[in-house]
Amino acid sequence: MGILGEGLVLTSQIFFITLIGSLPLGVVIALARMSKFKPLSWIAQLYISILRGTPLMLQLMAIMFGPYYLLGLQMGADWKFTACCIGFILNYAAYFAEIYRSGIQSIPRGQYEAASVLGYSRAQTFMKIVLPQVIKRILPAMGNEIITLVKDTSLAFVLAIPEMFSNAKALAAREVSMIPYAIAAAIYWVCCLAIEFVLNRVEKRLDYYHD
């Protein structure tokens, strides 16, 4: 279990760094996507199209080897983990951006107009009226992406990062046994169950915001 535990630590690091980076970046991209300034909106659309339309594994390899093949730069020993995190953040920000956009655009314009009549500023309208409803509406989709992220961390193996799946694979080959795979699968499952539990609790807290 020692080698799997070490892999779990790296898997957890990739997971949390990705969330910390991609959640706010997704907001920026979503706002750019909805911008009335067309060049900015087109750039955001192109970004989302490329990141969602190409395999994450390919993106990780491009970020890992791009500096050397394109610029001739020799990156340090820590670059592969950094490249992995950058790749995950950029990829998931594109998915989160579309979820944010759909949530914001699902709010009827009448609610903005009613808030204006009641004397709310644009910031107050967004924070007190729009945002709680958006969070409630996008929570299921966000939950799906976050759970997918737990499993996608296994793709870090393409950069020779010893996360949990890579270590389970090495351990299974060394012991000629499927047990390490089964243990790794159980750990992934438990992590997903924990995330589902937290998201369900949040969703229940938001039940008073009815559509």
Side-chain angles (χ1 to χ4, degrees), residues 1-26 29 47-48 50-70 73-99 139-200 202:
M1 284 296 292
I3 189 172
L4 287 180
E6 293 172 4
L8 178 59
V9 170
L10 269 178
T11 292
S12 300
Q13 290 176 348
I14 295 169
F15 174 80
F16 286 111
I17 290 173
T18 300
L19 283 186
I20 292 170
S22 62
L23 289 173
L25 180 58
I29 298 169
Y47 173 90
I48 292 170
I50 293 174
L51 272 294
R52 294 175 67 193
T54 56
L56 175 55
M57 185 182 298
L58 181 60
Q59 295 167 23
L60 292 174
M61 296 178 69
I63 294 171
M64 174 68 182
F65 301 110
Y68 176 76
Y69 287 111
L70 296 177
L73 297 177
Q74 294 283 356
M75 309 304 289
D78 296 332
W79 172 241
K80 64 181 179 181
F81 183 77
T82 303
C84 177
C85 292
I86 291 173
F88 272 94
I89 289 171
L90 295 179
N91 180 273
Y92 271 83
Y95 285 92
F96 289 147
E98 284 297 272
I99 294 173
L139 201 57
M142 293 291 288
N144 288 338
E145 288 301 324
I146 293 171
I147 288 173
T148 299
L149 173 58
V150 173
K151 297 174 286 185
D152 276 355
T153 55
S154 62
L155 293 176
F157 84 93
V158 300
L159 303 184
I161 293 175
E163 43 69 53
M164 189 166 60
F165 173 76
S166 297
N167 287 355
K169 183 179 179 181
L171 197 58
R174 188 179 71 192
E175 298 184 0
V176 194
S177 170
M178 290 292 292
I179 292 178
Y181 285 126
I183 295 173
I187 294 173
Y188 281 120
W189 181 47
V190 169
C191 291
C192 291
L193 286 178
I195 293 170
E196 286 180 16
F197 175 78
V198 172
L199 292 173
N200 286 336
V202 174

Can you give each donor-acceptor pair under 3.5 Å made by side-chain atoms of residues 142-152, sequence neighbours left out, with the distance rounded to 0.1 Å?
from: Thr148; atom 1: OG1; to: Asn144; atom 2: O; distance (Å): 2.8
from: Asp152; atom 1: OD2; to: Tyr92; atom 2: OH; distance (Å): 2.6

What residues form a side-chain contact (heavy atoms from CB on, under 4.5 Å) with [X], not counting sequence neighbours?
X	answer
Leu73	Pro67, Leu71, Met75
Phe65	Met61, Tyr69
Leu25	Ile29, Tyr47, Ile89, Leu90, Ala93

Open item on the list: With side-chain hydrogen bond (donor to acceptor under 3.5 Å, both in side chains) as the rule and sequence neighbours excluded, what pairs involving residues 50-60 come up?
Closed with: Thr54-Gln59, Gln59-Asn91
What pairs of donor and acceptor atoms, side-chain ones from residues 77-84 against any protein atom, are under 3.5 angstrom apart with sequence neighbours left out?
from: Trp79; atom 1: NE1; to: Met64; atom 2: O; distance (Å): 3.0
from: Lys80; atom 1: NZ; to: Ala160; atom 2: O; distance (Å): 3.1
from: Thr82; atom 1: OG1; to: Asp78; atom 2: O; distance (Å): 3.3

Task: Smallest separation among heavy atoms of Ile48 and Ala97, with atom names - done: CD1-CB, 4.2 Å
Task: Closest heavy-atom pair and its distance - Phe15, Ile195 - done: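 The pair with the smallest heavy-atom distance is CZ-CD1, 3.7 Å.
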Output side-chain donor-acceptor pairs under 3.5 Å for residues 164-181, partner residues at least two apart or in another chain, one line each.
from: Ser166; atom 1: OG; to: Ile161; atom 2: O; distance (Å): 3.3
from: Ser166; atom 1: OG; to: Glu163; atom 2: OE2; distance (Å): 2.5
from: Asn167; atom 1: ND2; to: Ile3; atom 2: O; distance (Å): 2.8
from: Asn167; atom 1: ND2; to: Pro162; atom 2: O; distance (Å): 3.3
from: Ser177; atom 1: OG; to: Ile179; atom 2: N; distance (Å): 3.1

Quick one: [atom1] on [X] to [atom2] on [Y], what's the gap to the nearest 0.5 Å?
X	Y	atom1	atom2	result
Leu8	Ile183	CG	CD1	12.5 Å
Leu155	Leu58	CG	CG	11.5 Å
Ile86	Thr18	CD1	OG1	11.0 Å

Task: Worked verdict on Ile17 versus Phe88 for side-chain contact (heavy atoms from CB on, under 4.5 Å) - done: CA-CA 9 Å; Ile17 290 173; Phe88 272 94; over 6 Å; no
